[in-house]
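Heads up, the thing below is written out as structure tokens.
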Amino acid sequence: MIKDKVRVKTFKIDDVAVTGRSDSTILEVAKEHGIHIPTLCYLEGLSCVGACRMCIVEIKGSSKLIPSCTAKIKEDMEVITNSSRLIKHRKMILSMIFAERTHTCSVCVSNGHCELQSQATDIGLEHSLVPYIHKGFDVDASHKEYVYDPNRCILCTRCVRVCSEVEGAHALDILGRGISAKIIHDMDEPWSTSESCTSCGKCVQVCPTGALFEKGASATEMVKKKSIVTNLIQARKNK
Amino acid sequence: MSKVRVATIWLDGCSGCHMSFLDMDERLIELAELIDVVYSPYVDAKEFPTNVDLTIVEGALSTDHDLKMIKKIRKNSKKILALGDCAITGNISALKNLFGTEAVLKKGYFDLVDFNESGEYPSKMVPKLLDKVIPLNEAVDIDFFVPGCPTPADAIYEVIKGILENREVDISKLTRFGK
């Protein structure tokens, strides 16, 4: 198949005229121009899946809100990233993420270094707009170095993607649907018995919450180093 | 000028937020000029009074007594401030929800005890646990939310001053979940 030629497209984000490669996403162009759009499941270098919907934007002329991490740019489009309607929807999205599992920040190893917690602060969400569900999952602490607590998982799938796309092991995947969905190792086996896991720890470093953490680490020590992964991806691209 | 009638109450929490309240130190003297504490663990009022201007509630709703109290508070207060993560998210108290009330009672009154003469859960004198620990706003309307575990004294001071002066305070700069 012959690929379309990459061209430059011109459009507006928040009334600012911007240009980007025709194969770019709205989020990529916004980042290049220093325009902040909140994200959770997005991680530079990994594929974009639009799982969390935090990066939704408005397009003038359309009533739909679209995730900017997966939406490709179009000539002359006008994007709005920060309207009161978007803030209202982002607050509801965050509320639903908080309410679906049990994110007890005060007893979390990621307290103070959690992207979900930071998003709530940034957007001014001081309470959940929907009732808490508190669905209980068993914690997998079988691995000698790492722990997976599905109760703190936001199903962003960064761990699944980094394992598949960067480490190349694809030891992780998602089992189930909706509220019952959880990250599994191999065929839903204990982490310690996973034959495909290389124990590289990339999944732990890119996890935005305390769902994946190093065993024995304290809240001050468990600062995720997701830049290691993005630097690695960049270094491979430059080869 | 008459003083603002303020009540504080400690439901299912650790009292850390009330400790933070005391951590306002000398600013308490400044607040004492403006408010009357009409009901609180700090004072000896037995009955929750009527006509309260602001009630500051620490803790989640875990028992039928908590539920009865929050409804009474709502009825008798012009404004309610949910103070701390327990009041807003359920926090530690709500971790019980992962296992259920029955499992917690069994662990507390059977599994971890040397003896239990009656062979039953206590049913007199102690309030009945709800099926699920819930934050305040799942039972009644709440006017102000100030998260934190515990909420820092600076945040409590700024918010109370803001309420007294009828101005909005951006609490995200002062506190957050888990702080």
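Reminder, nothing fancy here: chain letters follow the sequence lines and each chain counts from 1. Quick caveat: nothing in here was measured; it's all calculated off a predicted structure.
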Original post:
Is the Lys NZ or Arg CZ of B:K96 less than 6.0 Å from the centre of B:F99's six-membered ring, within 45° of the axis?
Top reply: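 Judged by the rule (NZ or CZ under 6.0 Å from the ring centre, within 45° of its axis), B:K96 is not positioned above B:F99.
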
Original post:
How are the rings of A:H185 and A:W191 set relative to one another: parallel (under 30°), tilted (30 to 60°) or perpendicular (over 60°)?
Top reply: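 Because their plane-to-plane angle is under 30°, the rings of A:H185 and A:W191 count as parallel.
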
Solution key, residues 143-156 of chain B side-chain donor-acceptor pairs under 3.5 Å, sequence neighbours excluded:
residue : atom : partner : partner atom : Å
B:D143  : OD2  : B:R74   : NH1          : 3.1
B:D143  : OD2  : B:R74   : NH2          : 3.3
B:D143  : OD2  : B:I80   : N            : 2.8
B:T151  : OG1  : B:G84   : N            : 3.3
B:T151  : OG1  : B:V146  : O            : 3.4
B:T151  : OG1  : B:P147  : O            : 3.3
B:D154  : OD1  : B:R27   : NH1          : 3.0
B:D154  : OD1  : B:R27   : NH2          : 3.1

Which answer fits [X], side chain, backbone, both or neither, if we ask what part of it has an atom under 4.5 Å from a heavy atom of chain A?
X      : answer
B:K132 : side chain
B:N137 : side chain
B:A82  : neither
B:I88  : both
B:I142 : neither

Subject >> A:D173 side chain to A:H170 side chain, donor-acceptor N/O pair below 3.5 angstrom >> reply: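 There is such a pair between these side chains.
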
Original post:
Is there a donor-acceptor contact under 3.5 Å linking the side chains of B:D85 and A:S106?
Top reply: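 No - no donor-acceptor pair under 3.5 Å links their side chains.
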
Subject >> Qualifying residues under salt bridge (charged side-chain N to carboxylate O under 4.0 Å, His left out), relative to B:K72, sequence neighbours excluded >> reply: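 Partners of B:K72 by the salt bridge (charged side-chain N to carboxylate O under 4.0 Å, His left out) criterion, ordered by chain and then number, come out as B:E47.
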
Original post:
Going through the distances and angles, do A:E28 and A:Y42 end up as a side-chain hydrogen bond (donor to acceptor under 3.5 Å, both in side chains)?
Top reply: CA-CA 11 Å; A:E28 283 167 347; A:Y42 172 83; 5.4 Å; no

Subject >> chain A contacts, top residue of B:D170, B:L95, B:T89 (heavy-atom pairs, under 4.5 Å) >> reply: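 Looking at each of B:D170, B:L95, B:T89 in turn, B:T89 comes out on top.
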
Original post:
Can B:D66 and B:K68 be said to form a salt bridge (charged side-chain N to carboxylate O under 4.0 Å, His left out), step by step?
Top reply: CA-CA 5 Å; B:D66 294 338; B:K68 208 170 123 191; over 6 Å; no

Original post:
Taking everything shown except A:K225 itself, do over 12 heavy atoms lie less than 6.0 Å from its NZ?
Top reply: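 Yes.
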
**OP:** Assess whether side-chain contact (heavy atoms from CB on, under 4.5 Å) is satisfied between B:C14 and B:I92, documenting all intermediate values.
**Re:** CA-CA 9 Å; B:C14 69; B:I92 311 286; over 6 Å; no

Original post:
What do you reckon, are the aromatic ring centroids of B:Y42 and B:H18 less than 6.0 Å apart?
Top reply: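 Yes: the rings meet the under 6.0 Å criterion.
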
**OP:** Enumerate by number any residue of residues 96-104 of chain A whose heavy atoms lie under 4.5 Å from heavy atoms of chain B; in the absence of such residues, state 'none'.
**Re:**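 Interface residues of residues 96-104 of chain A: A:F98, A:T102, A:T104.
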
Original post:
Taking only heavy atoms into account, what residues of residues 113-128 of chain A are found under 4.5 Å from chain B?
Top reply: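 At a heavy-atom separation under 4.5 Å, chain B is reached by A:Q117, A:A120, A:T121, A:L125, A:E126, A:H127, A:S128.
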
**OP:** List the steps, then state whether salt bridge (charged side-chain N to carboxylate O under 4.0 Å, His left out) holds for B:R5 with B:D36.
**Re:** CA-CA 5 Å; B:R5 287 167 60 80; B:D36 261 339; over 6 Å; no

